[in-house]
Colleague: 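What follows is a single structure, and I will ask about it in a moment.
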Amino acid sequence: MKNHLGSILVGVIVLLIIGSLSLFVVDQRQNAIVFRLGEVIDVRKEPGLYFKVPLLDNVRFFDVRILTTDTAEPERFLTSEKKNVLVDLFVKWKITDVRQFYVSVQGNELLAQTRLLQTINDGLRAEFGNRTVHDVVSGERDKIMELMRARANEDAIKIGVEVLDVRLKRVDLPQEVSASVYSRMEAERKRVANELRSTGFAESEKIRADADRQKEVILAQAYRDAQRVKGEGDAKATSTYSRAYEINPEFYAFYRSLEAYKQSFKNKSDVLVLEPNSEFFKYLKSSGKTGK
């Protein structure tokens, strides 16, 4: 009885081993290639449970999700101005044909990345050589990235992958070039600033001179008008005095004497030394006699 149970247990274990060797699972993130004695016999792209012949077949899995490849160090490229620029980039790609991928690069992601980067670097050298620093930094940067993606994808199809995107993360001048460029930029900014200051000073002097001229004109016109008004007033006053004098010369003389008295004895401390029979006291004398 014990021997019979042992045989059954051994049989179950053998079946389990054979079953585990006969089954494999493909994840939704993977594609699988089935080999028989080293030769590709099938490709499984749909997720699920699959069978294989134990000991004869083996399975290799490939990640078909989007992969990212970054450059380890910035690459140096030469522009049309014969200036070096440092470019840091990354590539987004994925495996689309696992059979072709295995045949072309033995299913090695590192070899695929190396080939893609080599293709992109060759293309960038050609594109940068036809463009200025301004073009590669900002002017035509998007156009260059799209060209690189299309060109890299043409070569990528041959190894069973698709290039989804090529991005230039950073385009910088080398340190030894940056210092001279910044110095030239600073000198240019100073030149422009000095030019603007000179232009502003000249304009301010022009405005100030024009304002001074207008001031003198206005003052001259105001003085002319004031003198004219004053002259007209004096003429009118003289005319009025003359008519008044003609009407009653005695009263006019009396009025003028009163004005003279008022101006002469305005303050208590005023002193006036005259002869008693002076014409100045004419009306005072007359007033006294009238009082008697």
Side-chain angles (χ1 to χ4, degrees), residues 5-75 87-127 142 144-170:
L5 290 174
S7 299
I8 293 174
L9 182 59
V10 171
V12 170
I13 293 173
V14 171
L15 290 175
L16 289 174
I17 294 173
I18 294 174
S20 64
L21 295 175
S22 303
L23 301 174
F24 66 94
V25 177
V26 177
D27 189 87
Q28 65 267 23
R29 298 164 295 181
Q30 299 173 327
N31 282 178
I33 296 180
V34 181
F35 299 88
R36 178 166 296 167
L37 300 178
E39 182 180 352
V40 178
I41 62 171
D42 197 8
V43 176
R44 299 294 184 178
K45 296 183 178 181
E46 298 297 326
L49 182 65
Y50 295 96
F51 293 93
K52 65 177 181 175
V53 178
L55 302 179
L56 295 180
D57 296 347
N58 66 300
V59 181
R60 185 172 175 181
F61 298 95
F62 297 90
D63 193 339
V64 293
R65 292 176 295 179
I66 296 176
L67 304 175
T68 302
T69 299
D70 282 296
T71 52
E73 295 290 338
E75 294 286 340
V87 180
D88 195 5
L89 60 88
F90 69 87
V91 185
K92 294 287 186 181
W93 62 283
K94 68 176 182 178
I95 302 171
T96 55
D97 187 343
V98 292
R99 184 191 293 269
Q100 184 64 29
F101 184 71
Y102 177 78
V103 172
S104 301
V105 293
Q106 293 79 47
N108 190 323
E109 290 184 5
L110 184 59
L111 290 177
Q113 292 176 3
T114 302
R115 179 163 175 172
L116 289 177
L117 290 177
Q118 184 61 47
T119 301
I120 293 171
N121 283 345
D122 292 342
L124 284 177
R125 294 190 187 282
E127 294 297 329
D142 292 338
I144 293 174
M145 290 189 292
E146 180 56 31
L147 285 173
M148 290 303 96
R149 188 205 65 78
R151 185 173 300 177
N153 194 51
E154 290 179 2
D155 185 66
I157 293 174
K158 300 176 184 178
I159 60 174
V161 303
E162 178 186 2
V163 176
L164 303 175
D165 196 12
V166 175
R167 287 285 158 183
L168 304 180
K169 294 191 296 183
R170 187 173 51 128

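Note: hydrogens, waters and symmetry copies are ignored here, and every other heavy atom, side chains too, is used. Predicted model, so just to flag it, every value in this text is computed and none were measured. Residues take their numbers from the sequence shown, with the count starting at 1.
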Colleague: Answer yes or no: are there more than 12 heavy-atom neighbours, outside I66 itself, under 6.0 Å from its atom CD1?
Modeller: no

Colleague: Between V163 and K92, is any pair of side-chain heavy atoms under 4.5 Å apart?
Modeller: no

Colleague: One thing to verify: whether E154 and R151 come together as a salt bridge, which I'm taking to mean a side-chain N less than 4.0 angstrom from a carboxylate O.
Modeller: no

Colleague: Going by heavy atoms in the side chains, are F101 and T96 under 4.5 Å from each other?
Modeller: no

Colleague: As a quick check of understanding, evaluate salt bridge (charged side-chain N to carboxylate O under 4.0 Å, His left out) for D63 and R29, giving each step before the final call.
Modeller: CA-CA 6 Å; D63 193 339; R29 298 164 295 181; over 6 Å; no

Colleague: Once rounded to the nearest 0.5 Å, what's the spacing between atom OG1 of T114 and atom CD of E109?
Modeller: 11.5 Å

Colleague: Tell me whether the count of non-hydrogen atoms from other residues, nucleotides or ligands lying under 6.0 Å of CD in Q28 goes above 12.
Modeller: yes

Colleague: Say you draw a straight line from CE of M148 to CG of D122; how long is it, rounded to the nearest 0.5 Å?
Modeller: 9.5 Å

Colleague: So which atom in L147 and which in E127 form the shortest heavy-atom distance, rounded to 0.1 Å?
Modeller: CD1-OE1, 3.8 Å

Colleague: Are the side chains of S104 and K158 in touch, meaning some heavy atoms are under 4.5 Å apart?
Modeller: no

Colleague: Quick check: closest heavy atoms across N108 and L110, and the distance to 0.1 Å?
Modeller: OD1-N, 2.9 Å

Colleague: Compare every heavy atom of V161 with every heavy atom of N153, then report the nearest pair and how far apart it is.
Modeller: OD1-O, 4.4 Å

Colleague: Considering only heavy atoms from C-beta outward, does the side chain of K94 approach that of L67 to under 4.5 Å?
Modeller: no

Colleague: Evaluate V43 against V34 for side-chain contact (heavy atoms from CB on, under 4.5 Å), listing each step before the verdict.
Modeller: CA-CA 6 Å; V43 176; V34 181; over 6 Å; no

Colleague: Find out whether E46 and V26 are in side-chain contact, i.e. whether some heavy atom of one side chain is under 4.5 Å from a heavy atom of the other.
Modeller: no

Colleague: Find the distance between CG (L124) and CG (L168) and round it off to the nearest 0.5 Å.
Modeller: 6.0 Å

Colleague: Run the side-chain contact (heavy atoms from CB on, under 4.5 Å) test on D57 and I41 for me, step by step, so that the C-alpha distance in whole Å, both residues' side-chain angles and the decisive distance to 0.1 Å come before the verdict.
Modeller: CA-CA 9 Å; D57 296 347; I41 62 171; 4.1 Å; yes

Colleague: Around atom NZ of K169, are there more than 12 heavy atoms from other residues, nucleotides or ligands closer than 6.0 Å?
Modeller: yes

Colleague: Would you sort out whether T119 and N121 count as a side-chain contact (heavy atoms from CB on, under 4.5 Å), showing the intermediate values?
Modeller: CA-CA 6 Å; T119 301; N121 283 345; over 6 Å; no

Colleague: If I take atom CG from residue L56 and atom CZ from residue F35, how far apart are they, to the nearest 0.5 angstrom?
Modeller: 15.0 Å

Colleague: Might you point out which heavy atoms bring M145 and V166 nearest each other, and give the distance in Å?
Modeller: CB-O, 3.4 Å

Colleague: How close do V25 and F61 get, heavy atom to heavy atom, and via which atoms?
Modeller: O-CE2, 3.4 Å

Colleague: For a 4.5 angstrom cut-off between non-hydrogen side-chain atoms, does Q30 reach F62?
Modeller: no

Colleague: If I compare all heavy atoms of V98 with all of I33, which pair ends up nearest, and what's the gap?
Modeller: O-CD1, 3.4 Å

Colleague: If we check side-chain contact (heavy atoms from CB on, under 4.5 Å) with W93, which of these qualifies: L116, L164, T68?
Modeller: L116

Colleague: Considering only NZ, NE, NH1 and NH2 on the basic side and carboxylate oxygens on the acidic side, decide whether R99 and D97 come within less than 4.0 Å.
Modeller: no

Colleague: Quick check: are there more than 12 heavy atoms from other residues, nucleotides or ligands sitting under 6.0 Å from CZ of F90?
Modeller: yes

Colleague: Are the side chains of L49 and L23 in touch, meaning some heavy atoms are under 4.5 Å apart?
Modeller: yes

Colleague: Could you check whether any side-chain heavy atom of I159 comes within less than 4.5 Å of a side-chain heavy atom of Q100, counting everything from C-beta outward?
Modeller: no

Colleague: Short question: side chain of E75, backbone of D88 - any donor-acceptor pair under 3.5 Å?
Modeller: no

Colleague: Salt bridge (charged side-chain N to carboxylate O under 4.0 Å, His left out) between R36 and E39: does it pass, once the steps are laid out?
Modeller: CA-CA 5 Å; R36 178 166 296 167; E39 182 180 352; over 6 Å; no

